[in-house]
Chemist: 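I'd like to ask some things about the structure below.
In what follows, residues are counted from 1 in the order of the sequence shown. The shown structure was predicted, so the numbers you read here are calculated from the model rather than taken from an experiment. Hydrogens, waters and symmetry mates play no part in the numbers below; they use all other heavy atoms, side chains included.
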Amino acid sequence: PSSLDLDCSRFGGPSDQSMQYWNSATPHDLSYKSHFWSDSGNAKYLTFDPGYEGWNNARLYFENVLVLAHATGRTLVLPPRNK
């Protein structure tokens with residue numbers, strides 16, 4: 001077996017042959033718009049406040065809100081930089 005053995009067939013799961021690895025974005029991927037995309041012409045915003053959680057939680061929240069802003073066509077508003 002390779003160091004990245006993804007064969008889960010002995011557990012009833014998929015094998016290497018049926019798994020999809022990450023590839024570069026296709027033209028279809030780049031042109032896709034979510035069903036939640038707002039194209040009303042009015043600017044819409046989504047704010048992000050990392051709060052006082054640990055660094056990893058703030059990173060995770062940021063990744064999620066970044067995807068949400070993109071999927072809904074909103075401008076992501078970040079808090080001011082701490083000094």
Side-chain angles (χ1 to χ4, degrees):
S2 69
S3 61
L4 185 60
D5 186 11
L6 297 176
D7 187 3
C8 301
S9 58
R10 65 182 173 170
F11 303 108
S15 66
D16 261 352
Q17 292 76 29
S18 65
M19 292 190 179
Q20 175 68 43
Y21 295 98
W22 177 259
N23 294 317
S24 296
T26 66
H28 174 71
D29 294 335
L30 297 174
S31 66
Y32 176 79
K33 284 192 178 177
S34 164
H35 300 298
F36 301 106
W37 181 270
S38 174
D39 210 5
S40 65
N42 299 328
K44 296 192 178 198
Y45 302 94
L46 184 64
T47 59
F48 169 69
D49 182 9
Y52 299 101
E53 294 82 15
W55 184 89
N56 197 49
N57 287 341
R59 179 194 57 83
L60 180 64
Y61 297 155
F62 176 71
E63 289 174 0
N64 286 317
V65 78
L66 189 65
V67 169
L68 183 62
H70 178 72
T72 58
R74 295 173 183 252
T75 299
L76 182 59
V77 179
L78 301 176
R81 178 181 288 190
N82 291 337
K83 294 183 181 187

Chemist: Which heavy atom of Ala58 sits nearest to which heavy atom of Phe48, and what is that distance?
Modeler: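 Here Ala58 and Phe48 meet closest at O-CZ, 3.8 Å.
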
Chemist: When rounded to the nearest 0.5 angstrom, what is the spacing between OG1 in Thr75 and NZ in Lys44?
Modeler: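 Thr75 atom OG1 to Lys44 atom NZ measures 11.5 Å (nearest 0.5 Å).
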
Chemist: Out of curiosity, does Val67 fall in the hydrophobic cluster containing Leu78 (side-chain heavy atoms, cut-off under 4.5 Å, transitive links)?
Modeler: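 Cluster IDs for Leu78 and Val67 differ.
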
Chemist: Between OG1 of Thr72 and NZ of Lys33, what distance do you get to the nearest 0.5 Å?
Modeler: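 So the gap between those two atoms works out to 12.0 Å.
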
Chemist: Decide whether Leu66 and Tyr61 are clustered together by the hydrophobic rule: side chain heavy atoms of Ile, Leu, Val, Met, Phe, Trp, Tyr closer than 4.5 Å, transitively.
Modeler: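 In one cluster with Leu66: Tyr61, yes.
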
Chemist: Please say which of Leu46, Asp49, Leu60 ends up in a side-chain contact (heavy atoms from CB on, under 4.5 Å) with Val65.
Modeler: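 The single option meeting the side-chain contact (heavy atoms from CB on, under 4.5 Å) with Val65 is Leu46.
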
Chemist: Using a 4.5 Å cut-off on heavy atoms from C-beta on, say whether the side chain of Phe62 contacts that of Leu76.
Modeler: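 Yes; the side chains approach each other to less than 4.5 Å.
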
